[in-house]
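See below for the structure under consideration.
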Amino acid sequence: MTAIPLQPPRRLVEFTLDGAATRVPEGATLLDACRAAGKDVPTLCEGDTLTPKNACRVCVVEVEGARTLAPACSRAAEPGMSVHTDTERTRHSRRLVLELLASSVDLSTTPRAAAWIVEYGAEPGRFGADAARLNEEPKVDNDLYVRDYDKCILCYKCVDACGEQWQNTFAIAVAGRGFDARIAVEHDAPLTDSACVYCGNCIEVCPTGALSFKSEFDMRAAGTWDESAQSETTTVCAYCGVGCNLTLHVQDNEIVKVTSPHDNPVTHGNLCIKGRFGYQHVQNRD
């Protein structure tokens with residue numbers, strides 16, 4: 001069981017959410033309030049271990065009196081505000097954002113994207129074939145993880161995880177500007193020539209599969225990747241004395257990838273290269 005550290009008590013903020021009186025702890029976002037109320041507000045770039053970036057704009061909600069829609073992932077709940085999560089205006093905005101993303105990015109490995117496209121009536125082909133942006137082959141330059149920028153929505157979560165918010169390696173950055181902006185390593189060099197330490201924390205936060213385990217990439221290519229057939233077991237990494245939690249994803253009695261619980265008060269889902277990728281010895285049965 002993960003230990004939850006005690007924190008000072010916070011005041012409750014009272015406001016109206018879709019007409020219902022709602023109370024959330026001070027500092028909670030509108031997205032926190034929606035989730036607590038059981039409302040399914042879609043989001044792609046929100047990460048529970050990172051500062052909101054407001055990049056995807058899928059989670060917008062309507063705040064009475066506000067001129068523009070507000071991103072629920074970063075807008076803090078305020079006393080007395082009245083928020084609507086499922087108006088025609090919010091649905092139209094989400095539909096347009098999903099159409100723009102689906103026109104220019106491969107969302108095939110983005111969890112729930114296909115369901116949201118159906119729910120909001122988005123037409124991925126609305127902007128035509130010319131909307132496609134990269135058409136690059138996945139970058140496979142190491143044995144641990146793969147970069148497929150055709151799936152990248154430029155949410156910058158990998159940049160934040162690699163940089164000042166967690167790893168402080170700064171191997172990943174944004175290159176180019178405007179329509180030419182893209183995620184890259186220093187001087188757009190191969191990953192093996194960069195400062196990357198292969199912790200894989202960028203994979204942990206990537207919401208679309210643009211960064212994926214090499215094992216997952218190979219199994220998807222072979223048609224053997226089946227998340228419904230996988231089981232998850234959380235254990236403790238034995239490589240050192242820190243005691244990081246590992247979640248082993250097992251399919252057909254083989255570990256196919258390793259993640260870490262985000263609610264761990266020490267690691268917050270982050271691991272080192274040994275914890276995330278050094279599991280092959282476990283299944284060496286020779």
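Residue numbers count from 1 along this sequence.
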Matching residue for L246 among L271, T259, T234 - test: side chain to side chain contact (heavy atoms under 4.5 Å, CB included):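 Only one option passes, and that is L271.
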Which pair of non-hydrogen atoms, one from [X] and one from [Y], has the smallest distance, and what is that distance?
{"X": "N54", "Y": "R57", "result": "O-CD, 3.4 Å"}
{"X": "T267", "Y": "S260", "result": "OG1-OG, 3.8 Å"}
{"X": "A66", "Y": "R89", "result": "O-NH1, 4.4 Å"}
{"X": "Y279", "Y": "I255", "result": "CE1-O, 3.5 Å"}
{"X": "V61", "Y": "A72", "result": "CG1-CB, 4.0 Å"}
{"X": "L144", "Y": "F277", "result": "O-CE2, 3.5 Å"}

Using the test side chain to side chain contact (heavy atoms under 4.5 Å, CB included), find all partners of T90 that sit at least two apart in sequence or belong to another chain.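 T90 satisfies side chain to side chain contact (heavy atoms under 4.5 Å, CB included) with E62, L69, T87, R94 once adjacent residues are dropped.
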Check whether D150 reaches the backbone of E136 with its side chain - one donor and one acceptor, N or O, closer than 3.5 Å.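 Checked: pair present.
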Any side-chain heavy-atom pair from C155 and P207 closer than 4.5 angstrom?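 Side chain of C155 against side chain of P207, heavy atoms only: contact under 4.5 Å found.
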If a pair satisfies salt bridge (charged side-chain N to carboxylate O under 4.0 Å, His left out) and one of its residues is in residues 225-240, list it, with sequence neighbours excluded.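 Qualifying pairs: R220-E227.
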Hydrophobic clusters here meaning ILVMFWY residues chained together by side-chain heavy-atom distances under 4.5 Å, can you tell me if V97 and W116 are in one?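 Both belong to a single hydrophobic cluster.
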